[in-house]
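The structure under discussion appears below in the form of structure tokens.
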Amino acid sequence: MTFEAAVYRLVRRIPPAHVLSYGQVAARLGQPRGARAVGRAMSDCPDSVPWHRVVNAQGGISRRRRVSGMLTQRIRLEQEGIRLRRGRVPRPYFWEGQGGHRCVWR
DNA sequence: GACTTGACTAGAC
DNA sequence: AGTCTAGCCAAGT
């Protein structure tokens with residue numbers, strides 16, 4: 001199992017209308033400082049991966065080579081019912097796994 | 001095979 | 001609240 005594959009497997013488990021930061025993904029895979037490696041993996045991921053559910057630690061959409069990709073990500077998030085505040089995904093949308101949060105998606 | 005380059009980030013000033 | 005740094009991993013040079 002490569003790191004990349006592990007990243008894709010986890011990202012596929014993020015429920016609709018929820019997000020995870022690059023750092024959170026890395027931490028869950030046992031690499032608390034591997035956020036950057038997650039970003040690299042996401043830059044080349046299969047279409048079967050809901051890549052739009054991964055944002056940066058501030059809830060914002062990170063820059064990339066293809067600027068248009070940023071718009072696509074925002075659109076996809078909004079289509080799932082996520083409302084961005086000041087260009088960021090508000091905290092309640094962050095997937096905390098088993099616990100604590102209320103699912104705002106319907 | 002060494003070095004660079006990112007969709008990153010927590011911590012230290 | 002800005003700036004800098006170290007740490008991560010794979011692809012491209």
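Chain letters run A, B, ... following the sequence lines, proteins first, then strands; residues in each count from 1.
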Quick one: does Y8(A)'s side chain have a donor or acceptor within less than 3.5 Å of a partner on S48(A)'s backbone?
no

M70(A) atom CE is separated from dC8(B) atom C1', nearest whole Å, by 14 Å

Interatomic distance at C1', dG6(B) relative to dC8(C), whole Å:
12 Å

Taking dA10(B), dA7(B), dG7(C) as options, the one with an atom nearest any side-chain atom of R36(A) is dG7(C)

OP1 or OP2 of dC9(C) under 4.0 Å from side-chain N/O of Q31(A):
yes

Nearest whole angstrom, please: distance from the P of dC8(B) to the CG of L20(A).
15 Å

Is there a continuous path of hydrophobic side-chain contacts, each under 4.5 Å between heavy atoms, that joins I82(A) to M70(A)?
no

Any Lys/Arg nitrogen of E80(A) or R76(A) sitting under 4.0 Å from an Asp/Glu carboxylate oxygen of the other?
no

Within the distance-only criterion (no hydrogens, no angle test), does the side chain of R53(A) pair as donor or acceptor with the backbone N or O of I14(A) below 3.5 angstrom?
yes

Under a 3.5 Å cut-off for both distances, is dA7(B) Watson-Crick or wobble paired, and to whom?
none

Pairwise 5' ranking along DNA chain C for R33(A) and E4(A), keeping only the more 5' one
R33(A)

Identify which nucleotide among dA7(B), dA10(C), dG7(C) has an atom closest to any side-chain atom of T2(A), counting heavy atoms from C-beta outward.
dA10(C)

Closest to the 5' end of DNA chain B, once Q24(A) and R40(A) are matched to their nearest nucleotides, is R40(A)

Sorted by position of nearest nucleotide on DNA chain C, 5' first, the leading residue of A35(A) and F3(A) is A35(A)

Are any non-hydrogen side-chain atoms of Y22(A) and M42(A) less than 4.5 angstrom apart?
yes

L29(A) atom CG is separated from dT9(B) atom P, nearest whole Å, by 14 Å

Using atom P of each nucleotide, how far apart are dT4(B) and dT5(C) to the nearest Å?
15 Å

Rounded distance (Å) that lies between atom P of dA7(B) and atom CD of Q58(A):
16 Å

Would you indicate what Y22(A) reaches in the nucleic acid, counting non-hydrogen atoms under 4.0 angstrom: base, sugar-phosphate, or nothing?
base

Would you mind telling me which of dT9(B), dA10(C), dA7(B) lies closest to the side-chain atoms of S43(A)?
dA7(B)

Once you apply the 3.5 Å cut-off to both distances, tell me the Watson-Crick or G-U wobble partner of dG1(B), or none.
none

